[in-house]
Enquirer: 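Okay, here's the structure, questions in a sec.
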Amino acid sequence: MSALRFSGPVLPDGEVREVYVVDGRITYERPAGLAGAESAGEGWIVPGLVDAHNHLGLEDGGAVDEAEIERTAIADRDNGVLLTRDCGSPADTRWVHEREDLPRLIRCGRHIARTRRYLRNYGVEVEPDGLLDTVTEQALDGDGWVKLVGDWISREEGDLTPSFPADAVTAAIEAAHAQGAKVTAHCFGEASISPLLDAGIDCIEHGTGLTAAHLEQMVARGVALVPTVLQTSKFPEFVSAARDKFPTYSATMESLYAGRREVLMNAYDAGVALYVGSDGGGSARHGVLHEEILAMAAMGLPNEYVLGAASWRGRSWLGWNPGLDEGDPADFVVYPRNPVEDLSVLAEPSRVVLRGKVVA
Ligand SMILES: [Zn+2]
């Protein structure tokens, strides 16, 4: 029997413990024959991080090949991310499930967008009358989540516009739920959100247009928010590229950018469940979840709240063991300092343990 020993304060409660890993699982009972065995790592032990909004298999131009998917999944993993919720990828990444050395993955399938109203080569593009069938297909194809593009610029209207009418969205979300899949949606603006919440959506991505009434509804219904602060910090870039051609859109994005911190803090104060997403893939890099954690904390959220969102609470939300209890899968990260006191240590994990193996 091979066993590994780690020691240090185990978050979230911070109790100092000897943690043993046997057959991929945690045990606090010292396995026979391990007395005096060398420690495999000492430090602050944190349940594996969760990237709640990531795009494995996607870059600027669309899908990438398996070598690139492997490279980026390892970049995320070595950053401490051991569970990823993929929020839409044009590449078929289901093979990642078979790879013991790559993070656990929950796939959304492909983005579902309105025709010619999203980034080219990213999603499945449909008109409202095709939405229900497409959502059903993607619900059957994914790992229990479906991703809608809730709003995007309409070139005809020259502004950020809901992708689909309310009745189409309502039927689509009902169809996804009937397949046992949850639904999340990319929403920058305000107008797309009410129909989604009324239809029972499970999560909102970005959410810069959320009003106080929306937040109240989200709390009442347990709808999560993944704010992707690194991504929304790029709104000024989107605006400068579009200002001449689409002045109304630019003004909308400027106003959302100006209000984004207030919206985030209002969501926190209202009690909306927030999770942490790097939005890695597309135009963003992989392996930077720690930067998103730091960016959320810099907006004013407490360190412990953000770390919990990126670890034990995020894991629980996605159906995994939140902490490191006896018998749990051994997915954890060891840091040389207490990340609750100093989040910057998240950039330098000393050990990454996935499925009971030291992978970094
Ligand atoms: Zn995204």
Side-chain angles (χ1 to χ4, degrees), residues 49-64 68-69 72-73 75-76 79 81 83-91 93 96 103 105-114 117-125 135 138 142-153 160 162-163 182-189 192-193 196 201-210 223-235 237-238 253 256-257 260 263-264 274-289 291-293 295-296 309-310 314 317-318:
L49 302 188
V50 178
D51 193 339
H53 182 138
N54 185 298
H55 303 278
L56 206 54
L58 174 69
E59 66 173 23
D60 273 342
V64 297
E68 180 63 7
I69 292 169
T72 50
D76 288 329
N79 190 234
V81 172
L83 176 60
T84 292
R85 186 180 62 136
D86 188 276
C87 269
S89 176
T93 55
V96 172
L105 176 64
I106 296 171
R107 295 160 41 253
C108 262
R110 299 191 64 172
H111 297 82
I112 302 169
R114 182 75 176 263
R117 278 219 229 145
Y118 196 47
L119 297 159
R120 200 185 300 209
N121 300 327
Y122 272 38
V124 181
E125 300 189 355
V135 163
Q138 294 300 317
D143 300 330
W145 280 88
V146 170
K147 170 74 176 290
L148 301 176
V149 176
D151 62 6
W152 198 251
I153 184 171
L160 193 60
S163 304
K182 292 182 174 170
V183 183
T184 191
H186 158 115
C187 297
F188 283 161
S192 63
I193 295 171
L196 293 164
I201 197 159
D202 303 280
C203 183
I204 299 287
E205 312 297 319
H206 319 300
T208 38
L210 290 164
V223 181
L225 171 63
V226 183
T228 67
V229 169
L230 294 175
Q231 187 66 281
T232 62
S233 71
K234 294 178 192 158
F235 284 8
E237 289 170 39
F238 302 168
M253 295 301 284
L256 292 169
Y257 179 74
R260 74 189 183 119
V263 170
L264 180 66
L274 304 174
Y275 298 102
V276 184
S278 70
D279 214 350
S283 59
R285 290 166 299 142
H286 285 269
V288 295
L289 190 74
E291 291 182 17
E292 177 68 16
I293 293 171
M296 286 175 73
W317 176 55
L318 294 174

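Just so you know, ligand 1 is whichever comes first in the structure, and atom 1 is the first atom listed for that ligand.
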Enquirer: Less than 6.0 angstrom from the centroid, inside 45 degrees of the normal: does Arg85 satisfy that with respect to the ring of Trp145?
Expert: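 Ring-cation test returns yes.
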
Enquirer: Would you say the ring centers of His55 and His111 fall short of 6.0 Å from each other?
Expert: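 That pair passes the under 6.0 Å test.
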
Enquirer: Please name all residues satisfying ring pair (Phe, Tyr, Trp, His ring centres under 6.0 Å) with Phe235, sequence neighbours left out, ordered by chain then number.
Expert: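 Ring pair (Phe, Tyr, Trp, His ring centres under 6.0 Å) list for Phe235, sorted by chain: Phe188, Phe238.
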
Enquirer: For the Zn ion (ligand 1), which protein N/O/S atoms are closer than 2.8 Å?
Expert: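 Within the sphere that stays under 2.8 Å of the Zn ion (ligand 1), the protein atoms of type N, O or S are His53 NE2, His55 NE2, Asp279 OD1.
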
Enquirer: Identify, with sequence neighbours excluded, every residue that meets side-chain contact (heavy atoms from CB on, under 4.5 Å) alongside Ile153.
Expert: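 Ile153 satisfies side-chain contact (heavy atoms from CB on, under 4.5 Å) with Arg155, Phe246, Tyr249 only.
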
Enquirer: Going by the rule side-chain hydrogen bond (donor to acceptor under 3.5 Å, both in side chains), which residues pair with Asp60 if we only count those two or more places apart in sequence or in a different chain?
Expert: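 side-chain hydrogen bond (donor to acceptor under 3.5 Å, both in side chains) check on Asp60 returns nothing, list empty.
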
Enquirer: Under a 3.5 Å distance rule, please check whether Asp76 uses its side chain to pair with a backbone N or O of His286 as donor and acceptor.
Expert: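 Such a contact is absent between Asp76 side chain and His286 backbone.
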
